[in-house]
There are 2 protein chains.
Amino acid sequence: MTHVTMPQEVVIREVGPREGFQILPRVVSVADRLRLIEALVAASVRHIEVASFVRGDKVPQMADAEELVSRLPQADGVEFTALCLNAKGFERAEKTGRLKNSGWIYTSPSNSFLKANSNLTIDGSVAQVPEWAKLFRAHGKRLHGIMVSTAFGCSYEGSISASTVVSLVKRFAAACESAGEKVSEICLADTVGMGSPKTVRECLTALRPLGIPVSLHLHDTMGLGLVNAYAGLLEGVSIFETSVGGMGGCPFTPGAAGNVATEDLVYLCNELGIKTNIDLDRLCKAAELAELIVGTELPGRVYRARSAQKSCK
Amino acid sequence: MTHVTMPQEVVIREVGPREGFQILPRVVSVADRLRLIEALVAASVRHIEVASFVRGDKVPQMADAEELVSRLPQADGVEFTALCLNAKGFERAEKTGRLKNSGWIYTSPSNSFLKANSNLTIDGSVAQVPEWAKLFRAHGKRLHGIMVSTAFGCSYEGSISASTVVSLVKRFAAACESAGEKVSEICLADTVGMGSPKTVRECLTALRPLGIPVSLHLHDTMGLGLVNAYAGLLEGVSIFETSVGGMGGCPFTPGAAGNVATEDLVYLCNELGIKTNIDLDRLCKAAELAELIVGTELPGRVYRARSAQKSCK
């Protein structure tokens, strides 16, 4: 049995500009979204998901993804990416020439969620692996990872066991191998926020024998987002997807709250002596800006505590 | 070295009716405070701090503590207590004949906090041990525990090390022994919310050789309240002080947020398979009532997620 230790450094992928603005009931201007992205760059955030390439008639909040990408700032060492759930989206994203998208395949152990989110089934998503592989290669890329949504539970199907996730990942790993590709990352998304330190730990432990790095994308619906992130850190997870200010949610999961706030995770890592290479002061300023743009207090705690402390002085 | 395991069962002491209403800038009626207490009793909460006996001219929110106590419901198996920072307060509480106060002594490793909170010094609080012991005995009680405020850091003095806390506790343990008393519990209060899983763990580890049970009272200022509770559970802590809805804060610590929400801790314990003997559904109803009485959304996540899910159905 390997002795697991906390990482010395973590990679944080910021998803706020995509997930946070996509969930809002109104369209936020490209200019405002760019202001937030610039504030994140100023805070030394190095991985930023800036938009999703989806159908503009269905998701008007992201209809202007091309325009936003064309106006992204020049920022050395920053990887801008976009969410692309299908081939059309991936091709639109590639066409911009400004994004560093990796080859991700999206799935879920819940057929009900897949149906609602992408009109797919589990079998269907496994069957698409060769097409995805071909698509990635056509753009000079290789398959990178499997994004597992509702990895810890689903509003429609209830809790999901670690063994179910392992089976799913094994099916994908085999399909990828058949397609001449290798899975280099599994991202477990707690889309609904049903995970707990127990289930996070169980899933990470069950996946460990596969030898594939696992990242976490955690929603904070029941207040356990950061607790689950800590459970992940204790199990050696070193890649997290978070959202500035804790923006976000999922339109297909009623009641689901936003992601773990990026600044809250950075604060936790700082306290634990884990490097993030992100400037917390500037990140809190970015969260304040996000609040201003969204027009309401966001769930993130650290930026609000700092604001409150400032106003007490 | 002892192998530490998570507890199978935890005791939760609810402090919302005292801490939550004391911090508000207005006086909440006895009737409303009683409604909340009754809702907590209905949720099978078995330890409830209902008021503090302090100077009514300084803390008008608690000026009617006697009236509130006289109207407490009959509730078998429920321990109602009150916070008493000095002898006068303790005597007033005892006089009601309705409270099950234990013998607590209040201190802090921060002279600045002690000065602001109780016009005391560390030396002064140690010197009071014999008087406290005498007072408890005069009421047929014995000394029970030491409440250590700002155990992980203080707004005035910054972070506080585990060794400082251990020294403080040792001084008190010695003073108690000299007074013919024994310390049966150390409650570490993260009054400002400056603790982290690292410092919580360090402090618990450093205190372990003393062989005295340690309880935690955690504020959620930086969003780490529940993470710190989990770190405490991992270190075997089985007594927590929390506040329904996450009400609370400390008037002497600018920017400090409320306690860990009782229902959030109960939810976490349920997920971890740890018994609390509290009815989570009814507790969430109590949190909804607290929100109604306070008149604003409270920080607790679980009760809000449940409300949101209900409105989505």
Side-chain angles (χ1 to χ4, degrees), chain A residues 6 152-153 155 159 192-201 219-231 233-234 246 249 251 253-257 260-261 263-274 280 296-297 299-313, chain B residues 6 152-153 155 159 192-201 219-231 233-234 246 249 253-258 260-261 263-274 280 296-297 299-313:
Chain A
M6 284 209 288
F152 303 101
S155 301
S159 60
V192 196
M194 285 174 71
S196 77
K198 181 165 175 280
T199 53
V200 166
R201 201 180 161 206
H219 283 252
D220 194 36
T221 314
M222 306 306 265
L224 293 189
L226 207 53
V227 186
N228 293 340
Y230 179 60
L233 288 168
L234 288 174
T253 53
V260 167
E263 64 279 8
D264 292 0
L265 181 62
V266 169
Y267 177 81
L268 171 62
C269 288
N270 288 351
E271 292 295 304
L272 296 172
I274 297 170
L280 183 57
T296 178
E297 199 173 69
R301 301 306 304 267
V302 171
Y303 94 87
R304 282 194 277 141
R306 293 200 165 197
S307 300
Q309 280 160 359
K310 266 186 273 177
S311 37
C312 281
K313 272 175 190 163
Chain B
M6 284 210 287
F152 303 101
S155 301
S159 61
V192 194
M194 285 173 70
S196 77
K198 181 166 175 280
T199 54
V200 165
R201 199 179 162 208
H219 283 252
D220 194 36
T221 314
M222 307 305 267
L224 294 189
L226 208 53
V227 186
N228 293 340
Y230 179 60
L233 289 168
L234 288 174
T253 53
V260 166
E263 64 279 10
D264 293 0
L265 181 62
V266 169
Y267 176 81
L268 172 62
C269 287
N270 287 352
E271 292 296 303
L272 296 172
I274 297 170
L280 183 57
T296 178
E297 199 172 69
R301 300 304 304 268
V302 172
Y303 93 88
R304 282 194 277 141
R306 293 201 166 196
S307 300
Q309 281 159 359
K310 264 186 272 175
S311 36
C312 281
K313 271 174 193 163

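In this text, all values refer to a predicted model and were calculated from it rather than measured experimentally. In what follows, chains carry the letters A, B, and so on, assigned in the order in which the sequence lines appear, proteins first and then strands, with residues in each chain numbered from 1. These values consider heavy atoms only, across backbone and side chains, with no hydrogens, waters or symmetry-generated copies.
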Which pair of non-hydrogen atoms, one from A:E271 and one from B:M194, has the smallest distance, and what is that distance?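 Shortest heavy-atom contact: OE1-O, 4.2 Å.
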
If you look at every heavy atom in B:R301 and A:A257, which pair is closest and at what distance?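 Shortest heavy-atom separation between B:R301 and A:A257 comes out as NH2-CB, 3.3 Å.
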
Contact part of A:D220 toward chain B, heavy-atom cut-off under 4.5 Å: side chain, backbone, both or neither?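 It is both, since atoms from each part get that close.
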
Relative to chain B, which segment of A:M6 carries a heavy atom at a distance below 4.5 Å: side chain, backbone, both, or neither?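 No part of A:M6 comes within 4.5 Å of chain B.
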
Could you check whether any side-chain heavy atom of B:Y267 comes within less than 4.5 Å of a side-chain heavy atom of A:L224, counting everything from C-beta outward?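 Contact flag for B:Y267/A:L224 side chains = yes.
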
Are B:L268 and A:P197 side-chain neighbours, meaning at least one heavy-atom pair lies under 4.5 Å?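 They are in side-chain contact.
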
Just how far is it from atom CG of B:L226 to atom CE of A:M222, taken to the nearest 0.5 Å?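 Rounded to the nearest 0.5 Å, the CG-CE separation comes to 11.5 Å.
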
